[in-house]
> 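Before we start, here is the structure in question, set down as structure tokens.
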Amino acid sequence: IVDTVCNCLTNDSTDEAVQLLIIKTALAAVISSAVNVHGDILLKAFRVTVSVYLQSKNLVNQTTARAALAQMVTAVFHRLESLGWPDDDIDKMTKRAEAGEEESVKLTLADGESLGTATPVDAQ
């Protein structure tokens, strides 16, 4: 469903009412506890919301997209924490960053699902 709805945003001339419905649908799917949106579909939901924010000439749609992005990010991090995102991996990454090491850290959930790798960056 999310994929189909996101595909409705074709370019910057997409109707403003359709843009708003796309944002609302993407947000509802990402923050829903009944649906586990992840991977490519999650990225697509973020991408389409960012696209509306950047392309829309309607201030209401831009503001709604911005607020939706903030809610999506918060929801995703809450979901990761509830799934047992390994705190020790975060601690390792922090210690390596503080030591100036450029080594990547593999991030995985408690159930073994890989989140990829993260490389510390210098805080300037």
> Taking atom CG as the centre, does L43 end up with more than 12 heavy-atom neighbours from other residues, nucleotides or ligands that are less than 6.0 angstrom away?
yes
> Might you work through the side chain to side chain contact (heavy atoms under 4.5 Å, CB included) test for V30 and V76, ending with a clear yes or no?
CA-CA 8 Å; V30 171; V76 168; 4.1 Å; yes
> Could you go through L27 and Q71, starting from their C-alpha distance and side-chain angles, then the distance that decides it, and tell me whether this counts as side chain to side chain contact (heavy atoms under 4.5 Å, CB included)?
CA-CA 8 Å; L27 175 62; Q71 290 177 46; 3.6 Å; yes
> Starting from the C-alpha separation in whole Å, work towards a yes-or-no answer on side chain to side chain contact (heavy atoms under 4.5 Å, CB included) for T14 and C8.
CA-CA 8 Å; T14 301; C8 293; 5.9 Å; no
> Under a single-linkage definition using a 4.5 Å side-chain heavy-atom cutoff for Ile, Leu, Val, Met, Phe, Trp and Tyr, are Y53 and I31 assigned to the same hydrophobic cluster?
yes
> Side-chain heavy atoms under 4.5 angstrom apart, residues restricted to Ile, Leu, Val, Met, Phe, Trp, Tyr: same cluster for V48 and L21?
no
> Please tell me whether V2 and V35 are part of a single hydrophobic cluster in this structure, the criterion being side-chain heavy atoms less than 4.5 Å apart.
yes
> Are V50 and V73 linked, directly or through other ILVMFWY residues, by side chains that come within less than 4.5 angstrom of each other?
yes
> If every non-hydrogen atom of A45 is compared with every non-hydrogen atom of M72, which pair is closest and at what distance?
O-CE, 4.2 Å
> In residues 60-69, what donor-acceptor pairs under 3.5 Å come from side-chain atoms, sequence neighbours left out?
unit_1	atom_1	unit_2	atom_2	d
N61	ND2	E16	O	2.9
N61	ND2	Q19	OE1	3.0
Q62	NE2	S56	O	2.7
T63	OG1	L59	O	2.9
T64	OG1	V60	O	2.7

> Is any side-chain heavy atom of S32 less than 4.5 Å from a side-chain heavy atom of V37?
no
> Check whether more than 12 heavy atoms from other residues, nucleotides or ligands sit under 6.0 Å from atom CG of D40, and answer yes or no.
no
> As a quick check of understanding, evaluate side chain to side chain contact (heavy atoms under 4.5 Å, CB included) for N7 and K44, giving each step before the final call.
CA-CA 9 Å; N7 286 336; K44 193 167 195 173; 2.6 Å; yes
> Quick one: which residue pairs count as a salt bridge (Lys or Arg N to Asp or Glu O under 4.0 Å) with a foot in residues 19-31, not counting sequence neighbours?
none
> Roughly how far, to the nearest 0.5 Å, is CG of D3 from CD1 of I41?
4.0 Å
